[in-house]
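Before any comments, here is the structure.
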Amino acid sequence: MTGKPIVPIPLHIAHASGDEPALMAAEAVIDYLNLPTARPPIAREDGVHVIVRDGDAFARWVYALGGDVDHTDTLDGATMWSLSTETPRRANGSTVPIRVHVALVADEFAPVKVEHRPARSA
């Protein structure tokens, strides 16, 4: 059997932002503020979703952009924490919603419990 071997697409190319303006805006904020991510961001209708690896990384997002923090009830010993925030306001006045998520073991360090800072606009 002759032919070309199948070569997998590298992850950074498979998730390339292309022409998705919301994803490009979120990636610009991630790069500019040096915010951590555990995998490439994913654009959805409700905003750009970002996964981080631990509570410290989640706290960096909360500190940098503010927003509303919520978490799920404990299920099988873990909770999912989510930050609803947005990019800083652009020159045309628009923003892009960003959702940051982290799974933590129940009773593990939680970056925010009660007080939440409002999302910041530049």
Side-chain angles (χ1 to χ4, degrees):
M1 178 185 233
T2 60
K4 295 182 180 180
I6 297 173
V7 179
I9 300 172
L11 186 60
H12 69 280
I13 294 174
H15 292 283
S17 60
D19 293 330
E20 178 66 45
L23 191 54
M24 290 173 56
E27 288 173 339
V29 169
I30 291 166
D31 291 343
Y32 183 74
L33 297 176
N34 195 28
L35 293 170
T37 63
R39 56 177 288 183
I42 300 170
R44 295 288 186 252
E45 287 183 15
D46 63 338
V48 175
H49 291 258
V50 175
I51 307 295
V52 296
R53 65 182 181 94
D54 59 26
D56 291 329
F58 188 81
R60 286 182 56 194
W61 277 86
V62 172
Y63 179 77
L65 294 175
D68 295 320
V69 175
D70 198 7
H71 64 87
T72 62
D73 292 330
T74 301
L75 177 65
D76 291 333
T79 58
M80 173 68 77
W81 288 77
S82 297
L83 168 66
S84 296
T85 190
E86 60 189 14
T87 61
R89 194 162 308 282
R90 297 184 276 190
N92 66 2
S94 66
T95 60
V96 173
I98 299 176
R99 309 292 182 251
V100 183
H101 311 285
V102 64
L104 298 175
V105 174
D107 299 327
E108 184 181 4
F109 164 74
V112 178
K113 289 252 184 201
V114 178
E115 295 183 23
H116 312 297
R117 294 180 11 185
R120 192 169 50 177
S121 296

So do the side chains of [X] and [Y] get within less than 4.5 Å of each other, counting heavy atoms only?
X	Y	value
V29	L65	yes
W61	T37	yes
T87	I98	yes
R53	P36	no
T95	P88	no
V96	R90	yes
S82	V100	no

Keeping T85 on the side-chain end and G66 on the backbone end, is there a donor-acceptor pair under 3.5 Å? yes
Between the CG atom in D54 and the CG atom in L104, the distance rounded to the nearest 0.5 Å is 8.0 Å
Pairing residues for N34 by the side chain to side chain donor-acceptor pair (under 3.5 Å) criterion, not counting sequence neighbours: none
Please tabulate, for side-chain N and O atoms in residues 42-52, each donor-acceptor pair with protein atoms closer than 3.5 Å (sequence neighbours left out).
| residue | atom | partner | partner atom | Å |
| --- | --- | --- | --- | --- |
| D46 | OD1 | H49 | NE2 | 2.9 |
| D46 | OD2 | H49 | NE2 | 3.3 |
| H49 | ND1 | H101 | NE2 | 2.8 |

Show me the pairs that pass ring pair (Phe, Tyr, Trp, His ring centres under 6.0 Å) and involve residues 20-39, at least two apart or across chains. none
Taking all heavy atoms of W81 and all of F58, pick out the closest pair and write down the distance. O-CE1, 3.9 Å
To check you understand the geometry: which heavy-atom pair defines the closest contact between M80 and V102, and what is its length? SD-O, 3.4 Å
Flag yes if more than 12 heavy atoms outside N92 fall under 6.0 Å of its CG atom; otherwise flag no. yes
